[in-house]
Amino acid sequence: GRDGIVDTFLLPQYISTIQNLCPWILRYLTAAVVTNRRRRNMMQELVKIIEQVSYSYRDPVTEFVEALYVDFDFDRAASKLEQCEDVLKKDFFLTVAFDDFVENARFFFAEVYCRIHKRIDLAGLTRRLNMKQEEGEKWIVKLIRDTRMDAKVDFKDNSVVMNPTYNPVYQQVIERTKALVFRSQVLNGAIDKRGNSAAKKDENKQQDQKQKTGRRQQQQQPDASVPVAAQ
């Protein structure tokens with residue numbers, strides 16, 4: 001599933017292959033990370049890869065993440081999000097993930113936007129999310145409640161006042177190292193598999209050499225069935 005795509009494609013050997021041979025796969029890796037909110041801790045690593053590959057490959061899906069997490073250009077990110085909707089509808093492999101992508105992309109957009117701004121105009125944020133005003137305002141208020149953001153909704157001014165919060169250092173370390181255990185297990189499994197494969201090749205090679213040596217020795221020995229000529 002999407003977890004498997006994220007974990008596999010973010011392995012070092014796959015990242016190198018994507019960067020050098022098939023950068024277009026980055027679209028599907030980006031979509032897998034965006035649609036899987038549980039793997040949001042992978043977003044920083046994804047952003048680094050997008051920056052490195054941006055000179056050779058770009059599309060609205062990768063540019064949305066770049067505009068949001070690198071440039072913090074919310075107008076451009078909103079424009080790219082609209083283009084993403086057209087791309088996902090036309091892409092055979094991503095059509096199924098259309099609703100999940102749009103929903104989660106809006107979530108990431110609103111999260112970054114709320115983290116940076118102290119006072120948020122609900123109408124302006126709704127417009128950037130490409131939603132109707134009433135629907136968008138309800139969605140934003142629900143998002144703030146569900147994520148337990150330290151914020152206060154001011155219905156008179158139709159705005160949200162954010163209280164700045166700072167994660168302690170130990171929490172940042174935990175967030176950045178969540179995936180290390182799984183990736184270490186995957187790497188150990190790959191190393192063991194390669195080691196077993198190499199050992200098996202060596203064993204087969206030794207058997208072949210023994211067989212060749214045995215054949216040579218048989219060829220060098222005189223045939224006992226042939227009589228020796230009388231002198």
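Numbering of residues begins at 1 and proceeds along the displayed sequence.
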(message) Counting C-beta onward and ignoring hydrogens, is there a side-chain heavy-atom pair between C114 and I120 closer than 4.5 Å?
(response) yes

(request) Could you check if a side-chain atom of R128 sits within less than 4.5 angstrom of a side-chain atom of D75, using non-hydrogen atoms only? (result) yes

(request) Could you label the plane-to-plane angle of the F74 and F72 rings as parallel, tilted or perpendicular, counting under 30° as parallel and over 60° as perpendicular? (result) tilted

(request) Measure the shortest side-chain to side-chain distance between L81 and N130 over non-hydrogen atoms and say whether it is less than 4.5 angstrom. (result) no

(request) Take atom CD of E134 as the centre, draw a 6.0 Å sphere, and report whether it contains more than 12 heavy atoms from other residues, nucleotides or ligands. (result) no

(request) For V47, check side-chain contact (heavy atoms from CB on, under 4.5 Å) against everything at least two apart and list the hits. (result) M43, E51, V65, Y69, V70

(message) Just to verify, what does R76 make a side-chain contact (heavy atoms from CB on, under 4.5 Å) with, not counting sequence neighbours?
(response) R58, E63, E66, A67, D71, D73, K80

(request) Side-chain contact test, heavy atoms from C-beta onward, threshold under 4.5 Å: evaluate it for S79 versus Q83 and give yes or no. (result) yes

(request) For residues I18 and I49, determine if any side-chain heavy atom of one lies less than 4.5 Å from a side-chain heavy atom of the other. (result) no

(message) Just so I know, are the side chains of V33 and E45 near enough to count as touching, which here means a heavy-atom distance under 4.5 Å?
(response) no

(request) Report yes if some heavy atom in the side chain of F109 is under 4.5 Å from a heavy atom in the side chain of L125; otherwise report no. (result) yes

(request) Check the side chains of E103 and W139 for a donor-acceptor pair under 3.5 angstrom, ignoring hydrogens and angles. (result) yes

(request) Measure the shortest side-chain to side-chain distance between L29 and L10 over non-hydrogen atoms and say whether it is less than 4.5 angstrom. (result) yes

(message) Salt bridge or not between K89 and E85? Use side-chain N to carboxylate O under 4.0 Å.
(response) no

(request) Only pairs at least two apart or in different chains count here, so list each salt bridge (charged side-chain N to carboxylate O under 4.0 Å, His left out) that has a residue in residues 9-37. (result) R27-D59, R27-D91

(request) First locate atom OG1 of T126, then atom NZ of K138, and finally report the distance between them rounded to the nearest 0.5 Å. (result) 12.0 Å

